[in-house]
Colleague: 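Below you will find the structure I want to go over with you.
Note that these values count all heavy atoms, side chains included, but never hydrogens, waters or copies made by symmetry. Counting starts at 1 for both ligands and their atoms, in listed order.
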Amino acid sequence: MSIHVEVELPGGGQARAGDLDMHLNRGGALVGCTFRYDAAYLRDPRAYALCPELPLTPGNIPSGSDRPLFGVLADCQPDQWGRTLLFHAERRAARAEGRKFMTLTEVDFLLGVQDETRLGSLRFSLDDGRTFLGPPRAEVPDLVELPSLTDAADAVAQHRETDQDVRLLVAAGTSMGGARPKVTVRDSVGDLWMAKLPESSDRWDVQAWEYLTLRLASNAGIEVPVARLHRIGPARSILLTRRFDRRPVFQGPRADLQRSEDASWGGSGGRIGFLSADSLTQKAFFEVIDYRTLAETLADHSGRPATDGHDLFRRVAFTLLVRNVDDHMKNHGFLRRADGWSLSPLFDVNPNPFAVVESTPLRPGGNRIDREVRVLLATADSYGLRRDDARRVLGEVAAATSGWTRIAREMSLPPEEIALMAEAFENPNGDEARAA
Ligand SMILES: Nc1ncnc2c1ncn2[C@@H]1O[C@H](COP(=O)(O)OP(=O)(O)O)[C@@H](O)[C@H]1O
Ligand SMILES: [Mg+2]
């Protein structure tokens with residue numbers, strides 16, 4: 001059975017992009033898939049290739065052996081957190097109906113998330129676009145339901161969830177990737193927000209520090225999503241960021257609406273195409289992509305390669321300076337513009353005082369644990385930057401990140417957490433960047 005795939009185009013308006021077939025083996029594992037662009041889509045002057053694995057050509061396009069699902073589709077599947085919720089929901093449904101638990105497959109993970117909140121600009125249908133697939137009876141909750149959603153997520157973490165908890169979370173929490181508990185909620189205007197929830201295993205107020213880091217990034221000249229922090233208890237906060245893969249509904253005089261004024265993003269309330277860096281680079285499962293390669297790949301796919309290259313350099317510098325170690329290809333994203341793929345606002349950048357994690361190296365074969373500003377500077381030309389411009393950017397980023405204690409005090413973060421985070425923010429890369 002073919003899945004009808006619709007896409008919302010950068011200038012606004014929906015089009016049938018084509019048909020998808022997913023091939024499962026008898027055990028239910030995905031072994032590959034095939035996509036065919038619709039003939040009318042191929043003739044449409046607004047059409048774009050949905051991801052690098054799907055060039056605009058007629059006929060069947062098979063997936064590669066390293067990547068059984070095309071990137072743009074994998075990007076709108078849930079990850080660890082959303083999949084856990086779908087497993088809980090299936091287990092409960094099976095029990096209630098007195099039947100065996102069904103093995104959930106990649107097809108379920110693609111089609112079982114809510115249509116309205118699905119990441120990016122794709123929608124799926126089995127009846128030729130009359131209805132779009134998602135879980136039954138799933139309503140996007142309002143912002144005011146955040147306390148019950150947070151309680152429900154706590155219940156799941158502590159293995160004491162009820163049917164009601166699972167129902168609430170499946171409706172709200174399966175559309176985004178990542179491992180951390182999160183939900184999508186709607187504000188009173190109608191805009192969607194992603195809410196990252198606290199976890200009882202957090203060793204510090206992770207979401208408050210992520211919010212602080214977004215403020216530092218913005219001061220460092222990096223585009224960040226519109227963000228809010230809800231403090232809900234001692235060392236417990238919820239981070240809300242407005243969904244950057246949706247055009248804001250509210251068109252009033254708000255300082256944060258630059259994107260909606262940019263005609264290449266189309267009208268209000270619509271969906272914007274999203275691709276992760278994983279998909280842009282067509283990364284194979286065990287492959288390590290380095291930043292120099294990412295910069296060069298982005299230059300091939302962006303409609304404004306100079307701007308995107310410079311912006312990426314600034315983000316890498318920032319990542320080193322705040323000791324963001326959970327740094328991998330799913331934590332960079334691109335939004336579709338009429339002229340190509342461009343960096344999305346920043347997300348999931350977290351200061352870490354001590355974790356040793358294999359992160360994205362700065363150049364092919366580079367060190368994944370001790371990443372040095374010196375090496376980044378040596379690769380500046382891959383980002384289209386002259387050495388002195390790169391030095392200037394490093395100085396600007398270092399000046400911005402050195403404001404971390406001021407913001408932490410302004411936010412009344414606990415002194416013991418501020419002392420701990422000094423290990424993240426006061427690192428040798430900062431001194432080197434200032435010296436540059
Ligand atoms: N404001 C946002 N709007 C739209 N998509 C987002 C936003 N923030 C994050 N995402 C998407 O959601 C995914 C999960 O968010 P992330 O912050 O990375 O969570 P986690 O900490 O669990 O990895 C990201 O990989 C990205 O694709
Ligand atoms: Mg992430």
Colleague: For ligand 1, which part of Asp75 has a heavy atom less than 4.0 Å away: the side chain, the backbone, both, or neither?
Modeller: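 It is neither part, as no heavy atom is under 4.0 Å.
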Colleague: Which heavy atom of the protein is the closest neighbour of atom 14 (C) of ligand 1, given with residue, atom name and distance?
Modeller: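 Heavy-atom neighbour on the protein nearest atom 14 (C) of ligand 1: Gly177 O, 3.2 Å.
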Colleague: Which word best sums up how the rings of Phe70 and Phe35 line up, parallel for under 30°, tilted for 30 to 60°, or perpendicular for over 60°?
Modeller: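 Taking Phe35 first and then Phe70, their aromatic rings stand perpendicular (interplane angle over 60°).
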Colleague: Considering only NZ, NE, NH1 and NH2 on the basic side and carboxylate oxygens on the acidic side, decide whether Arg83 and Glu106 come within less than 4.0 Å.
Modeller: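 Looking at Glu106 together with Arg83, the answer is yes, because their closest N to O distance falls below 4.0 Å.
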Colleague: Which atoms of ligand 1 have any heavy atom of Gly178 under 4.0 Å away?
Modeller: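 Selected atoms, number and element: 20 (P), 22 (O), 23 (O).
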Colleague: Using side chain to side chain donor-acceptor pair (under 3.5 Å) as the criterion, point out the one residue from Arg371, Glu296, His332 that pairs with Tyr291.
Modeller: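 In the set Arg371, Glu296, His332, the residue that makes a side chain to side chain donor-acceptor pair (under 3.5 Å) with Tyr291 is His332.
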Colleague: Please lay out, stage by stage, how Asp290 and Arg292 fare under the test salt bridge (charged side-chain N to carboxylate O under 4.0 Å, His left out).
Modeller: CA-CA 6 Å; Asp290 61 280; Arg292 203 173 82 189; 5.1 Å; no
Colleague: In terms of atom number and element, which parts of ligand 1 are under 4.0 angstrom from non-hydrogen atoms of Phe274?
Modeller: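 Here the atoms of ligand 1 in question are 27 (O).
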Colleague: Polar-atom distance check: Ala179 versus ligand 1, any N or O pair below 3.5 Å?
Modeller: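 Between Ala179 and ligand 1, an N or O pair is found under 3.5 Å apart.
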Colleague: What is the closest protein heavy atom to atom 24 (C) of ligand 1, and at what distance does it sit?
Modeller: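 Ranking protein heavy atoms by distance from atom 24 (C) of ligand 1, first comes Phe347 CE1, 3.5 Å.
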Colleague: Only one of Ile418, Leu420, Val322 clears side chain to side chain contact (heavy atoms under 4.5 Å, CB included) with Trp209; which?
Modeller: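 Checked Ile418, Leu420, Val322 against Trp209; only one passes side chain to side chain contact (heavy atoms under 4.5 Å, CB included): Ile418.
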Colleague: Identify the closest protein heavy atom to atom 20 (P) of ligand 1: which residue and atom is it, and at what distance?
Modeller: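 Answer, as residue, atom name and distance: Asp348 OD2, 3.5 Å.
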Colleague: Is ligand 1 under 4.0 Å from a heavy atom in the side chain of Met194, in the backbone, in both, or in neither?
Modeller: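 Answer for Met194: side chain.
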Colleague: Count the heavy atoms of every other residue, nucleotide or ligand shown that sit under 6.0 Å from CZ of Phe354, and state whether that count exceeds 12.
Modeller: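 More than 12 within 6.0 Å, yes.
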Colleague: Below 4.0 angstrom from a heavy atom of Leu119, which ligand 1 atoms are there? Numbered from 1 as shown, please.
Modeller: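 Listed by number with element, the hits are 5 (N), 27 (O).
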Colleague: Is Asp348 close enough that one of its N/O/S atoms sits under 2.8 Å from the Mg ion (ligand 2)?
Modeller: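 Asp348 does place an N, O or S atom closer than 2.8 Å to the Mg ion (ligand 2).
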Colleague: Is Arg315 paired with Asp308 through a side-chain N to carboxylate O contact shorter than 4.0 Å?
Modeller: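 So Asp308 does not pair with Arg315 through a salt bridge.
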Colleague: Could you check whether Glu161 pairs with Arg91 (Lys NZ or Arg NE/NH1/NH2 to Asp/Glu carboxylate O, under 4.0 Å)?
Modeller: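 Result for this pair is yes, salt bridge flagged.
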Colleague: Of all the heavy atoms in Lys182, does at least one lie under 4.0 Å from an atom in ligand 1?
Modeller: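 Yes, Lys182 has a heavy atom closer than 4.0 Å to ligand 1.
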Colleague: Relative to the heavy atoms of Lys330, which atoms of ligand 1 are at a distance of less than 4.0 Å?
Modeller: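 Per the distance check, 25 (O).
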Colleague: So which protein heavy atom does atom 1 (N) of ligand 1 come closest to, and at what separation?
Modeller: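 Here the closest protein heavy atom is Thr241 OG1, 2.9 Å.
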Colleague: Can you name the atoms of ligand 1, numbered from 1 with element, that are less than 4.0 Å from a heavy atom of Asn331?
Modeller: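 Result: 18 (O).
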Colleague: Looking only at protein heavy atoms, identify the closest one to atom 11 (C) of ligand 1 and say how far it is in Å.
Modeller: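 Looking only at protein heavy atoms, the one closest to atom 11 (C) of ligand 1 is Met176 CE, 3.8 Å.
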Colleague: Could you identify the single nearest non-hydrogen protein atom to atom 3 (N) of ligand 1 and state the distance to 0.1 Å?
Modeller: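 Of every protein heavy atom, Phe244 N, 3.0 Å lies nearest to atom 3 (N) of ligand 1.
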Colleague: Of Arg186, Arg246, Arg271, which meets side chain to side chain donor-acceptor pair (under 3.5 Å) against Glu116?
Modeller: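 It is Arg186; the other options fail the test.
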Colleague: Would one find more than 12 heavy atoms of other residues, nucleotides or ligands at under 6.0 Å from atom CD of Gln80?
Modeller: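 No.
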Colleague: Measure the distance from atom 21 (O) of ligand 1 to every protein heavy atom, then report the residue, atom name and distance (to 0.1 Å) of the closest one.
Modeller: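 Heavy-atom neighbour on the protein nearest atom 21 (O) of ligand 1: Lys196 NZ, 2.9 Å.
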Colleague: Taking only residues two or more places apart in sequence or in another chain, which ones pass side-chain hydrogen bond (donor to acceptor under 3.5 Å, both in side chains) with Arg236?
Modeller: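 Scan of Arg236 (side-chain hydrogen bond (donor to acceptor under 3.5 Å, both in side chains), adjacent residues dropped) gives Asp154.
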